[in-house]
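Single-structure report; data block below.
Naming: A, B, ... by sequence-line order, numbering from 1 per chain.
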Protein chains: 2
Amino acid sequence: MPEDSDKRPLTPSDRRILRVVQEEGRITNAALAEKVGLAASPCLRRLKALEEDGIVAGYRAVLDRKALGYAIEAFVLVKLEQSEPGWRTRLIERLNAFEEVLACYAMAGEIDLLIHVVAQDMDAFGEFSMNRLLTLPGVADVRSSFVLSTITPPRGLPIPD
Amino acid sequence: MPEDSDKRPLTPSDRRILRVVQEEGRITNAALAEKVGLAASPCLRRLKALEEDGIVAGYRAVLDRKALGYAIEAFVLVKLEQSEPGWRTRLIERLNAFEEVLACYAMAGEIDLLIHVVAQDMDAFGEFSMNRLLTLPGVADVRSSFVLSTITPPRGLPIPD
DNA sequence: AGTGAAATGACCATAAT
DNA sequence: ATTATGGTCATTTCACT
């Protein structure tokens with residue numbers, strides 16, 4: 001039922017625009033136009049169209065995790081119990097309410113959920129994991145894997161030609 | 001040895017700015033100033049300072065993965081072999097060269113690397129995983145976990161008061 | 001191309017140290 | 001007094017029609 005509205009094919013200009021704004025989200029339209037080799041006016045129209053179509057879903061500042069005091073970054077692997085219908089909605093709400101959750105994915109296979117998390121320190125992480133995650137209704141087990149270093153920092157999707 | 005230069009404490013205004021730009025990275029300075037209750041000029045000065053200090057590391061447009069034709073999103077768990085010094089640098093280079101890698105983390109514990117990946121379809125994913133990842137020198141084993149749905153879409157860090 | 005809005009920098013005010 | 005904050009205004013640049 002959720003249908004991909006209309007997949008207008010991307011023009012080469014669109015692709016160039018996407019490549020740039022994915023890396024420099026706050027670039028001015030004037031500078032963007034120059035980079036992609038368009039005049040300002042058509043460049044802005046294309047960017048707006050990409051936003052309109054949801055291809056550009058939004059813009060975010062990327063903040064420095066450590067500078068903000070989050071020493072711990074981890075991925076938490078969650079197994080769920082077989083449970084009543086409706087668990088999903090409630091669980092999503094509860095998870096989204098945890099500020100330390102950066103992202104959460106429902107997965108195929110052994111692990112049911114993969115949760116990307118930050119915490120100020122190990123104590124805070126332990127409190128989150130033990131007292132808040134594990135006690136959620138439907139959660140059977142949690143296992144945590146800690147990030148030692150970021151080899152490839154989060155970056156954009158490839159934009160094929 | 002890379003030391004956190006100077007941790008200027010964040011003012012309440014800084015925090016408000018960070019909360020906003022993390023969600024609306026392309027907001028105009030004028031609108032940002034209004035939202036955080038500052039005049040345009042000091043607001044811009046603070047934002048620039050936050051960028052200067054690396055607290056704001058950059059800005060990115062968030063693109064729609066499916067709209068761009070990536071049906072597959074997965075996390076690949078990699079185990080490495082004991083290997084010669086210098087493996088790390090070479091491996092990082094090789095990994096970064098793969099466009100389908102959205103992020104890659106060195107992890108503590110059983111799994112050595114966690115790689116966030118997209119692919120157009122299963123064929124493309126298989127080709128990447130089998131022919132390109134697994135054949136990298138030093139890679140002992142890869143296991144893939146596929147994303148079924150995104151429960152909490154990637155969002156910003158919590159900014160405490 | 002033109003008009004209104006935004007960005008940017010020079011300068012001032014106030015308060016806390 | 002110095003430092004750190006915010007404000008006002010004038011000029012340049014940009015967004016958008």
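Contacts of residues 29-50 of chain A with DNA chain C (heavy atom under 4.0 Å): none.
Under 3.5 Å, the side chains of B:T150 and B:R65 contain no donor-acceptor pair of N or O atoms.
If you look at A:H116 and B:Y105, their ring centroids are closer than 6.0 Å.
Between A:E100 and A:R132 there is a salt bridge, since a side-chain N of the basic residue sits under 4.0 Å from a carboxylate O of the acidic one. Salt-bridge check for B:E110 with B:R143: failed, with every basic side-chain N at 4.0 Å or more from each acidic carboxylate O.
Running 5' to 3' along DNA chain D, contacts with non-hydrogen atoms of chain B at under 4.0 Å begin and end at D:dT5 to D:dT8.
If you take CG on A:N131 and CG on A:L134, they are separated by 9.0 Å, rounding to the nearest 0.5 Å.
Put simply, the side chain of A:R19 gets close to the backbone of A:I159: a donor and an acceptor are under 3.5 Å apart.
In this structure, the side chains of B:L63 and A:V56 come closer than 4.5 Å at one or more pairs of heavy atoms.
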